[in-house]
Engineer: 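First, the structure itself, so that you have it in front of you.
This is a predicted model, so every value here is computed, not measured. So you know, we letter chains A, B, ... as the sequences are listed, proteins then strands, and number each from 1.
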There are 4 protein chains.
Amino acid sequence: MHPGRRKRTLMTDQSVTKRTPTMTEASPRRRRKEARPAEVLEAALETFARKGFSATRMDDVAARAGIAKGTIYLYYPSKEALFEAVVREYLVENIARAEAALAHPAPTHAERLRRAVGIMGQVILDPRRAALPKLVLADGGMFPEIARFYRREVVGRGLGLLAGIVRAGIAAGEFRPVDPEAAVRLFVSPILITALWQITFSPVEEHSMPPETLLALHADLFLRGLCVSPPEGDR
Amino acid sequence: MHPGRRKRTLMTDQSVTKRTPTMTEASPRRRRKEARPAEVLEAALETFARKGFSATRMDDVAARAGIAKGTIYLYYPSKEALFEAVVREYLVENIARAEAALAHPAPTHAERLRRAVGIMGQVILDPRRAALPKLVLADGGMFPEIARFYRREVVGRGLGLLAGIVRAGIAAGEFRPVDPEAAVRLFVSPILITALWQITFSPVEEHSMPPETLLALHADLFLRGLCVSPPEGDR
Amino acid sequence: MHPGRRKRTLMTDQSVTKRTPTMTEASPRRRRKEARPAEVLEAALETFARKGFSATRMDDVAARAGIAKGTIYLYYPSKEALFEAVVREYLVENIARAEAALAHPAPTHAERLRRAVGIMGQVILDPRRAALPKLVLADGGMFPEIARFYRREVVGRGLGLLAGIVRAGIAAGEFRPVDPEAAVRLFVSPILITALWQITFSPVEEHSMPPETLLALHADLFLRGLCVSPPEGDR
Amino acid sequence: MHPGRRKRTLMTDQSVTKRTPTMTEASPRRRRKEARPAEVLEAALETFARKGFSATRMDDVAARAGIAKGTIYLYYPSKEALFEAVVREYLVENIARAEAALAHPAPTHAERLRRAVGIMGQVILDPRRAALPKLVLADGGMFPEIARFYRREVVGRGLGLLAGIVRAGIAAGEFRPVDPEAAVRLFVSPILITALWQITFSPVEEHSMPPETLLALHADLFLRGLCVSPPEGDR
DNA sequence: GATGAATGAGTATTCATTCAT
DNA sequence: GATGAATGAATACTCATTCAT
């Protein structure tokens, strides 16, 4: 973007997230210093989410984090690096949560999908986390590395996980024989759209539909469409 | 000193598309002049779509349109005005196409929805048109007027149209008694996601799933979930 | 998008001259920082005086001040604000000097006026100070606020002061009964014209009349015209 | 000012004022064409007077003259040339009027000066004409040629004329033996200041002193100061 | 480490000037 | 001759980045 800025790859830079969680953090001053990068990251997430990459000023991030502008550069060598750190940090967190949630066992495969809706909804309806897909969408074009990373680590792994459930359901005769890859894309679409919708329109919308209603209907409709025989207690 | 920037509302400014109704336009220069605003708009759409509002430079737009930078300002008084004109122009076009398509009659309400998928897919899979939702999502936060406009004129009207079909289908006993407002949101989600997906990941993806496959499965699954009795010839 | 330019009134902004009351300022950098606004102001005065508002480039001001362009904006939010600060700063200084000088007592009212010529001549013949009336003249049309301020604070107060002397002289039977308001306008005219003349023609004039000669004759002629009985030792 | 603009001397360019006043101008169309340069000049005078050179846009001049922007360039090759033509045209006119007026005979030299005040007041209180000294003061710094021209042709000739009267008055024993060069400078100062005052403060002043009052007092005071024995009928 | 004043390359916008019609 | 669309150099202002304190 800006000429003469060093362009590091997304994955190789680990120097920043130097967290020592195992150590019993003692003095408040020490604690503060240790927490700095995370505080900056959070301030950056909120600012990037609201304005996008280009329109975010380092001043804004610093002000929101309650530190001086120059201090950011102690932890992140450039605005781009900060952006990438934000995306990576919160993305990885999102993935971990979703994976953990999806791993829970359930009586039927339909039930597992139904729970997946709940879990993903919970994760993504937190405005802090919903910001991620939006950022990837908005600025991914200028950060191919981020788009690639998101595609591989978030979308790829998430869809893979879900596709495994669908595949198992088909094998068990519970689901109709559809293309699992395609089915899971359809499955996550309303969840994503709901998150993006919230972010985009909540400032300009007086009365919006509660996401829970939407996602409940989604689970019903989708499973009814997918299952060989409709689930019993269907409303 | 500095002449006040006109800050026009999104809807009221029609001054730019001053096309003369006479058909037999003669000189090439005249022809050029008439076509300018549209050429600028197209160049701007492509650049805004690729970079977002902030990262787009007027130089880029001018270069892409093959004109001098100052020429843009002959037709649009500011970068913001240009952005709004782009969104308005192509949004309105999108709406008109979609509405026309949805108006087509069909034997069953399910069939109307199925056709709607096809139509909307066609519209939105054109990268030029898919850029619009992306722009609204990416930069709507900084242009509340545009978000509002999009919410009202595109989302509102589109969902209203579809909700009418769903409502009719329910009344006819063809669809199950679901919340039509919620159902249509679910209905359009995969279509939107497919469009956004294309834009976001096609530059970084080697082998992607064909959108047609996805949308066909969507129609099947969704209608099977919605209809009282599954359509017969369902695969 | 673009943060709104603050358009402040001429009088209310005191934010720039934030001088710390502590006397023992230490580091050279600190000293530099404190002196910056005044340095910028002086460079701006010279440049505005030479070129007028419109033709002055911020680059020129910066270069003359020996700083980077952006640094100006650390202290003054816009070219207009800088201009107004210049006028206000030096105008106020002029007024203060002139008032102090006029307050001096003298044996006769004629003598007070004669001293006023000397004082005002001293003040206004400094090219740095003479620039102010010229700026008000040249750019006051585009800065009505400045014209108003100058009219009120400089012309109004100055003329009021002088009119008081004339009125006292008339009451004392020393001066003929003329309109004091009109008389003082005539009184200051040659002083102002002399200042403007210096500025305008000194670059293109080989041999000019020394202002002191002019002002001495002015005092003689004017007082002889004004006094009931001509002053004694008149040449 | 602007690099790469041709800089012609002030006097040598006569190509523009191609007026044929002796010809009986016939058709309205022909008349229009003939009058063009003068109309442009008048529009330019008003705009320059109001805004100064730099802040005047060719668009404004064209709009005020009721012609297209490009048309100005048919008569004047650049903005600078236009400015110079304006100053020259109206300056020369001013001089001619003043000289004619001053040539009138009168019983005493004091009376000739008194009439000169009236004449010059008439000339200079017309806002159109008062603009000239203002332009020279405001923009003369950037147009040394104009300053020089004004100094030589207006100030020089005007002061010379008046100095002649003063010199004659002294020789005749009517005036006291003062430096004529200095005296006439003092003589014209209030007249100039009055004109400049009108231009500068009339937009921001609610109730101003009538110039006639001022100039009448000026003539009285000045002549009383200058004459050996005060004029009789002095108020 | 932390600060924030200073920098200067970058960008939106203006406007004198040109020239095809 | 007249026009006004087009040009592009000029300029106010921004903001990521640096570095002396």
Engineer: On DNA chain E, does the nearest nucleotide to D:Thr56 precede the nearest nucleotide to A:Gly70 from the 5' side, or the other way round? Give the residue.
Structural biologist: A:Gly70

Engineer: When you check the phosphate oxygens OP1 and OP2 of E:dG8, does a side-chain N or O of C:Lys69 lie under 4.0 Å from one of them?
Structural biologist: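 For C:Lys69, the contact criterion (side-chain N or O under 4.0 Å from OP1 or OP2 of E:dG8) is not met.
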
Engineer: Which helical stems does DNA chain E take part in, if a stem means at least 3 consecutive Watson-Crick or G-U pairs with both distances below 3.5 Å?
Structural biologist: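 Consecutive-pair runs (3 or more) involving DNA chain E: E:2-21 with F:2-21.
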
Engineer: Provide, to the nearest angstrom, the distance between the OH atom belonging to B:Tyr75 and the C1' atom belonging to F:dA5.
Structural biologist: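 It is 6 Å, rounded to the nearest whole Å.
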
Engineer: Taking CD1 from D:Ile72 and C1' from E:dT17, how many angstroms apart are they, rounded to a whole number?
Structural biologist: 11 Å

Engineer: May I have the distance from C:Ile67 (atom CD1) to F:dT18 (atom P), rounded to whole angstrom?
Structural biologist: 21 Å

Engineer: Flag the pair B:Lys69 / B:Val61 as yes when at least one side-chain heavy-atom distance between them is below 4.5 Å, and no otherwise.
Structural biologist: no

Engineer: If I take atom CE in residue A:Met58 and atom C1' in nucleotide E:dG4, what distance separates them, rounded to the nearest angstrom?
Structural biologist: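 Atom CE in A:Met58 sits about 14 Å away from atom C1' in E:dG4.
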
Engineer: Can you name the side-chain contact (heavy atoms from CB on, under 4.5 Å) partners of D:Arg50, sequence neighbours left out?
Structural biologist: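 With sequence neighbours excluded, D:Arg50 shows a side-chain contact (heavy atoms from CB on, under 4.5 Å) to D:Arg64, given in chain and number order.
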
Engineer: Tell me whether the OP1 or OP2 atom of E:dT7 has a side-chain N or O from C:Tyr73 closer than 4.0 Å.
Structural biologist: no

Engineer: Starting at the 5' end of DNA chain E, which residue's closest nucleotide do you reach first, B:Lys79 or C:Ala68?
Structural biologist: C:Ala68

Engineer: Please state how far atom OH in D:Tyr76 lies from atom C1' in F:dG1, giving the value in whole angstrom units.
Structural biologist: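 Those two atoms, OH and C1', are 16 Å apart.
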
Engineer: Are A:Lys51 and A:Asp60 close enough that some pair of their side-chain heavy atoms sits under 4.5 Å apart?
Structural biologist: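 Of all side-chain heavy-atom pairs linking A:Asp60 with A:Lys51, at least one is under 4.5 Å.
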
Engineer: Are D:Leu135 and D:Ile146 close enough that some pair of their side-chain heavy atoms sits under 4.5 Å apart?
Structural biologist: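 Side chain of D:Leu135 against side chain of D:Ile146, heavy atoms only: no contact under 4.5 Å found.
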
Engineer: Would you kindly give the CG-to-P distance between B:Leu82 and E:dT11, to the nearest whole Å?
Structural biologist: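 To the nearest whole Å, that distance equals 16 Å.
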
Engineer: Between E:dA12, E:dA2, E:dA6, which nucleotide has the shortest distance from any of its atoms to the side chain of C:Thr71?
Structural biologist: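 Per side-chain heavy atoms of C:Thr71, the pick is E:dA6.
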
Engineer: Would you call A:Tyr76 and A:Met58 a side-chain contact if the rule is heavy atoms closer than 4.5 Å?
Structural biologist: no

Engineer: For D:Phe83, what residues pass the ring pair (Phe, Tyr, Trp, His ring centres under 6.0 Å) criterion, not counting sequence neighbours?
Structural biologist: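 Once residues adjacent in sequence are excluded, the partners of D:Phe83 under the ring pair (Phe, Tyr, Trp, His ring centres under 6.0 Å) criterion are D:Phe48, D:Phe53, D:Phe143.
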
Engineer: Choose from E:dA6, F:dT3, E:dG1 the nucleotide whose nearest atom is closest to any side-chain atom of A:Leu74.
Structural biologist: E:dG1

Engineer: Rounded to the nearest Å, what distance is computed from the CG atom of residue A:Asp59 to the P atom of nucleotide F:dA16?
Structural biologist: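 Rounding to the nearest Å, CG of A:Asp59 and P of F:dA16 are 7 Å apart.
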
Engineer: Above 12 or not: heavy atoms from other molecules or residues under 6.0 Å from NZ of C:Lys79?
Structural biologist: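 Atom NZ in C:Lys79 is crowded, with more than 12 foreign heavy atoms closer than 6.0 Å.
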
